[in-house]
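A quick note: this is a predicted structure, and the numbers were derived from the prediction, not measured.
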Amino acid sequence: LLDHLHTDRRSPVVVENPTYPGALAVLRARRARLLAVPVTAPGGWDIARLTDAVRRHGPRLAYLMPDFHNPTGAHMDAATRRTTAALADRYGMTVLADETMRDLDLRTPPGTEPHLAGARVIQIGSASKTLWSGLRIGWIRAGAELVRQLRLNPLQAQLSPPPLEQLIAAELLGVPLPDLLADRRDRLRAQRDHLAGLLTATGWTYTVPDGGLTLWVRLGAGTSATELAARAAARGLAVTPGPHFAADRTTLTRHLRLPFTATKETLTRAVGLLRACSGSPETA
Ligand SMILES: Cc1ncc(COP(=O)(O)O)c(C=O)c1O
């Protein structure tokens with residue numbers, strides 16, 4: 001729906017590397033030229049690289065996930081948010097801040113980072129990660145003029161989910177979020193720690209994220225994430241290898257995204273299977 005923001009096809013679109021494959025798919029379908037800036041865990045965003053890329057290439061649009069970035073789980077500190085918003089103002093770049101994971105803060109107590117906000121920042125979110133993955137209701141928080149334009153866009157009706165689902169989401173959004181999420185956060189925290197514990201014996205490296213739904217794992221030297229994911233898929237386990245998250249599709253070959261959305265029992269089975277597929281000597 002927001003694609004018309006990217007009208008000047010000569011200017012590139014900034015994406016993080018790695019980034020959410022769904023966003024890559026949309027941008028690729030629109031033949032956008034991608035300008036990738038790295039995000040690492042725990043390092044996060046390299047603001048000097050981002051500034052340099054914006055200055056040199058003049059992108060009009062940037063798609064960023066400042067809150068528990070998918071897949072690394074990194075989150076932007078307040079100063080980097082301010083600098084990013086200022087950069088957008090200065091260079092006339094619209095920032096699409098995807099806040100889909102923002103409420104899945106697993107810190108106790110949750111953090112207090114401000115939203116990535118500013119005159120050129122549009123925030124987008126979804127109920128599907130916080131409330132229920134079957135409830136695919138998204139939203140756009142933007143200035144009144146843009147919202148008015150979007151409501152006039154005929155695609156808006158086609159892209160909107162069914163009214164019943166919208167009503168369910170509207171009802172749920174009236175319930176205080178902390179009440180709604182307390183349980184889910186507790187469960188995710190326990191599952192995240194369980195998964196991290198299972199991985200200690202593998203020799204693979206990762207940073208335990210402060211929020212979100214996934215662990216971003218770096219495999220041992222010489223292990224191809226794509227091959228490992230294919231072997232796991234043949235045995236019934238679906239995991240997504242690093243190149244799916246890479247703007248150029250070819251890098252991040254040693255990375256694997258492991259969700260901790262499953263129960264502890266399932267996670268235990270999944271890691272056992274991954275280790276069996278990777279030829280880890282201590283395999284059960
Ligand atoms: C960062 C991010 N943004 C957006 C989405 C899409 O959300 P929805 O399920 O509402 O389509 C996802 C889903 O995986 C996501 O991880």
Over all atoms of both residues, closest heavy-atom pair of Asn17 and Ala36
CB-CB, 3.9 Å
Side chain proximity check, Met101 to His75, heavy atoms < 4.5 angstrom
no
Check whether more than 12 heavy atoms from other residues, nucleotides or ligands sit under 6.0 Å from atom CH2 of Trp139, and answer yes or no.
yes
Looking at Asp52 and Arg49, is there a salt bridge between them, counting it only when a charged N and a carboxylate O are closer than 4.0 Å?
no
Compare all side-chain heavy atoms of Asp46 with those of Val37 and state whether any distance is below 4.5 angstrom.
no
Contact between Pro18 and His69 at the side-chain level, heavy atoms closer than 4.5 Å - yes or no?
yes
Using a 6.0 Å cut-off, check whether atom CZ of Arg28 has over 12 heavy atoms from anything other than its own residue.
yes
Honestly curious: do Leu215 and Leu256 fall in one hydrophobic cluster under the side-chain, below-4.5 Å linking rule?
yes
Donor-acceptor check, side chain of Arg184 to backbone of Thr130, threshold 3.5 angstrom: yes or no?
yes
Rounded distance [0.5 Å steps], CZ in Arg102 versus CG in Leu177
11.0 Å
Shortest non-hydrogen contact between Ala142 and Val147, atoms and distance:
O-CG2, 3.7 Å
Heavy-atom check, side chain of Pro59 versus side chain of Val54, under 4.5 Å:
yes
To check you understand the geometry: which heavy-atom pair defines the closest contact between Leu64 and Glu16, and what is its length?
CA-OE2, 3.3 Å
Does Arg254 offer a backbone N or O that forms a donor-acceptor pair with the side chain of Arg218 under 3.5 Å?
no
Would you give the length of the straight line joining atom OG1 of Thr19 to atom CE of Met65, rounded to the nearest 0.5 angstrom?
3.5 Å
When you look at His244 and Thr226, which way does the side-chain hydrogen bond (donor to acceptor under 3.5 Å, both in side chains) test go after all the steps?
CA-CA 9 Å; His244 284 240; Thr226 303; over 6 Å; no
Intermediate values then yes/no, side chain to side chain contact (heavy atoms under 4.5 Å, CB included), Trp204 and Val271
CA-CA 12 Å; Trp204 301 341; Val271 172; 5.7 Å; no
Consider only side-chain heavy atoms of I, L, V, M, F, W and Y, link residues closer than 4.5 Å, and tell whether Ile137 and Ile140 are in one cluster.
no
Within one Ile-Leu-Val-Met-Phe-Trp-Tyr cluster: Val208 and Val239, side-chain cutoff 4.5 Å:
yes
On the 0 to 90° scale, with breaks at 30° and 60°, tag the Trp216-Phe245 ring pair as parallel, tilted or perpendicular.
perpendicular
Is the closest side-chain heavy-atom distance between Leu155 and Gln158 below 4.5 Å?
yes
Find the distance between CG (Leu61) and CG (Leu96) and round it off to the nearest 0.5 Å.
6.0 Å
For Tyr206 and Ala196, the nearest pair of non-hydrogen atoms, with its separation, is OH-O, 2.8 Å
Counting only heavy atoms from other residues, nucleotides and ligands, does the tally under 6.0 Å from CZ of Arg107 exceed 12?
yes
pair Leu213-Pro259: side-chain heavy atoms closer than 4.5 Å:
no
Between Arg235 (side chain only) and Leu273 (backbone N and O only), is there a donor and an acceptor less than 3.5 Å apart?
no
Evaluate Leu150 against Gln156 for side chain to side chain contact (heavy atoms under 4.5 Å, CB included), listing each step before the verdict.
CA-CA 7 Å; Leu150 292 172; Gln156 190 250 126; 5.6 Å; no
Main-chain N/O of Thr202 paired with Arg275 side-chain donor or acceptor, under 3.5 Å:
no
Distance from Thr253 atom OG1 to Leu228 atom CG, nearest 0.5 Å?
12.0 Å
Is there a donor-acceptor pair closer than 3.5 Å between any side-chain N or O of Arg231 and the backbone N or O of Cys277?
yes
Heavy-atom side-chain proximity of His57 to Val14 below 4.5 angstrom:
no
State the CG-CG distance between Asp193 and Leu267, to the nearest 0.5 angstrom.
11.5 Å
Could you go through the side chain to side chain contact (heavy atoms under 4.5 Å, CB included) check for His194 and Thr268 one step at a time?
CA-CA 8 Å; His194 183 72; Thr268 303; 2.8 Å; yes
Does Val121 belong to the same Ile/Leu/Val/Met/Phe/Trp/Tyr cluster as Val15, with side-chain heavy atoms less than 4.5 Å apart forming each link?
no
Counting only N and O atoms by type, is there a donor-acceptor contact under 3.5 Å from the side chain of Gln123 to the main-chain atoms of Glu99?
no
Between Leu2 and Leu146, is a side chain to side chain contact (heavy atoms under 4.5 Å, CB included) present by the stated rule, with each step listed?
CA-CA 10 Å; Leu2 289 166; Leu146 176 61; 4.3 Å; yes
A side-chain contact here means heavy atoms from C-beta on lying under 4.5 Å apart; do Pro243 and Thr250 qualify?
no
List the atom of Val39, the atom of Ala74, and the distance in Å for their closest heavy-atom pair.
CG1-CB, 4.1 Å
Please confirm whether the backbone N or O of Gly111 pairs with a side-chain atom of Asp105, one donor and one acceptor, at under 3.5 Å?
yes
Between Gln166 and Pro161, is there a donor-acceptor pair closer than 3.5 Å when you use the side chain of the first and the backbone of the second?
yes
Could you tell me the separation between the CG atom of Asp98 and the CD1 atom of Ile122, rounded to the nearest 0.5 Å?
12.5 Å
Tell me whether the count of non-hydrogen atoms from other residues, nucleotides or ligands lying under 6.0 Å of CD in Glu145 goes above 12.
yes
Determine whether a donor-acceptor pair (N or O, by modelled atom type, separation under 3.5 Å) exists between the side chain of Gln191 and the backbone of Ala262.
yes
Least distance between heavy atoms, Ala225 atom then Leu219 atom:
CA-CD1, 3.7 Å
Within the distance-only criterion (no hydrogens, no angle test), does the side chain of Arg192 pair as donor or acceptor with the backbone N or O of Gly211 below 3.5 angstrom?
no
Among the clusters formed by ILVMFWY side chains lying less than 4.5 Å apart, do Val13 and Leu1 turn up in the same one?
yes
